[in-house]
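Okay, so here's the structure we're looking at.
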Amino acid sequence: MRLSAEQLKRFHEDGFLILPSLFSKDEVAALTAALPGLYAEDTPANFREKNGLVRTTMGLHLRDATYARVVRHPRLVEPAMQILEDRDLYIQQVKVNVKAAFGGEVWQWHYDFATHHREDGVPKPLALNLHILLDEVTEFNGPLWFIPGSHQGGPVPTHLDTVTTSYPLWCVEAPEVARLAGARGIVSAKGPAGTALIFGDSLVHGSPPNMSPWNRRIFSLILNPVSNAGRSNKRPDWQHHRDLTPVVPLADDCLLPGAAAAE
Ligand code: SIN
Ligand code: MN
């Protein structure tokens, strides 16, 4: 799949793209089917909220056959290669952020490169975060909030927050958020299940808690150029994979029934 010149321009200006309904209902159903079993696994790759609900479940392409295919999906991998003008991308992180109904907690204001650089030793903010909304995301169930253009001025100050949630995160200071959002506002990344989001490593983003009765599950694949691989092994493999094999896209129907047999 190729992004248009207009989409590429918007990505570079805003730091993100929202691609409504890029994946079908059947493709989303293939991805959600495995989730209850994955949440139930007793593994450190499942992180829980302070309230006990699963917050994020990681390393999924090594734990489930459908996730092993979606990380090579051409509707994710090819736009990433096109944006980065690089065909040698490795799978850096694979997860579903759950944000469950009545209890999914906040993701504070942050940009991913702060963590990738400080924890994983990634040299440059090149990695791309590719999301598929697995539920309809509305204003009620904890959508991602993006600050358009916040990637433009270089990395802003961050601090390590180990108290707000169960998940330690390098977070952007409030005055910086106010300054950046004052310039271009905030965009709420809403859409039907199957909508894809693409955003860069320095884009400031976060999401509010989910106090609605509706789940908000989002699949996230982070691809990073092999030439920009992490140099530190501080975090475990499921938070930053060590296998630098370049990802090769599969066929477009790779999530549909019969795809595994065709491989
Ligand atoms: C979220 O799931 O709301 C946060 C996702 C992210 O920070 O990439
Ligand atoms: Mn993030």
Side-chain angles (χ1 to χ4, degrees), residues 14-18 31-32 35 39 45-49 53-60 71 76 80 91-101 103-120 122 125-148 150-151 155-156 158-161 164-172 176-177 180 186-191 193 195-212 214-224 230 235 238-240:
D14 296 344
F16 66 90
L17 281 177
I18 300 174
L31 290 167
T32 53
L35 288 177
Y39 298 166
N46 284 347
F47 292 81
R48 290 184 180 276
E49 308 277 20
L53 295 167
V54 175
R55 177 175 177 81
T56 185
T57 177
M58 292 187 162
L60 297 181
V71 295
L76 299 178
I91 295 165
Q92 181 176 308
Q93 195 186 69
V94 180
K95 62 186 180 289
V96 168
N97 281 350
V98 178
K99 199 163 302 238
E105 293 179 0
V106 66
W107 285 92
Q108 311 93 302
W109 286 112
H110 70 284
Y111 56 94
D112 297 343
F113 182 65
T115 298
H116 297 160
H117 185 62
R118 290 171 184 271
E119 304 293 337
D120 306 325
V122 172
L126 300 176
L128 293 176
N129 205 328
L130 305 137
H131 283 191
I132 306 173
L133 309 187
L134 300 181
D135 294 295
E136 182 183 11
V137 176
T138 68
E139 64 269 43
F140 300 115
N141 61 352
L144 265 111
W145 290 351
F146 294 139
I147 301 184
S150 54
H151 62 306
V156 294
T158 53
H159 63 278
L160 182 61
D161 180 350
T164 303
T165 75
S166 58
Y167 193 91
L169 195 64
W170 287 90
C171 296
V172 177
E176 288 298 330
V177 173
L180 292 165
I186 297 174
V187 170
S188 184
K190 298 183 284 190
T195 295
L197 315 175
I198 305 178
F199 59 98
D201 224 21
S202 340
L203 185 79
V204 176
H205 61 280
S207 61
N210 184 6
M211 61 189 280
S212 84
W214 302 293
N215 286 323
R216 190 236 62 176
R217 297 163 297 179
I218 298 182
F219 169 73
S220 157
L221 163 67
I222 299 182
L223 295 177
N224 187 31
R235 298 202 297 173
W238 55 86
Q239 285 181 299
H240 192 129

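Order of appearance sets the numbers: ligands from 1, and atoms from 1 within every ligand.
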Polar contact flag for His110 and ligand 1 (N/O pairs, less than 3.5 Å): yes
From Asn46 atom CG to Tyr39 atom OH, the distance as rounded to the nearest 0.5 Å: 9.5 Å
Any Ile218 heavy atom less than 4.0 Å from ligand 1: no
Intermediate values then yes/no, side chain to side chain contact (heavy atoms under 4.5 Å, CB included), Leu223 and Ile91: CA-CA 5 Å; Leu223 295 177; Ile91 295 165; 4.0 Å; yes
Contact atoms of ligand 1, heavy-atom distance to Asn129 under 4.0 Å: 8 (O)
Region of Phe199 engaging ligand 1 - heavy atom pairs below 4.0 Å: side chain
Inter-residue atom distance Thr164.OG1 - Gln108.CD, 0.5 Å rounding: 5.0 Å
Option with minimal heavy-atom separation from atom 3 (O) of ligand 1, where the choices are Pro143, Gly206, Ser220, Ser207: Ser207
Geometric N/O contact Lys99 with ligand 1, under 3.5 angstrom: no
Check: Asp112/Asn129 side-chain N/O donor and acceptor closer than 3.5 Å: yes
Aromatic ring pairing His240/His116, orientation class (parallel under 30°, perpendicular over 60°, tilted between): perpendicular
Contact atoms of ligand 1, heavy-atom distance to His131 under 4.0 Å: 8 (O)
Short N or O distance, Asn97 and ligand 1, threshold 3.5 Å exclusive: yes
Gap separating the NE2 atom of His131 from the CG atom of Asn97, nearest 0.5 angstrom: 6.5 Å
Residue and atom name of the nearest protein heavy atom (relative to atom 6 (C) of ligand 1), distance in Å to one decimal: His205 NE2, 3.6 Å
At the Mn ion (ligand 2): angle between His110 atom NE2 and Asp112 atom OD1, to 10 degrees: 100°
Part of Gln93 within contact of ligand 1 (heavy atoms, under 4.0 Å): neither
Atom 1 (C) of ligand 1 [closest protein heavy-atom partner, distance rounded to 0.1 Å]: Trp107 CD1, 3.3 Å
Ligand 1 versus Thr56: contacting region, heavy-atom distance under 4.0 Å: neither
Pairwise distance CZ(Arg235) to OG1(Thr115) - rounded to 0.5 angstrom: 6.0 Å
Close aromatic pair by centroid cut-off 6.0 Å: His151 and Phe199: no
Considering all heavy atoms, the nearest Trp170-Thr158 contact: CE3-OG1, 3.7 Å
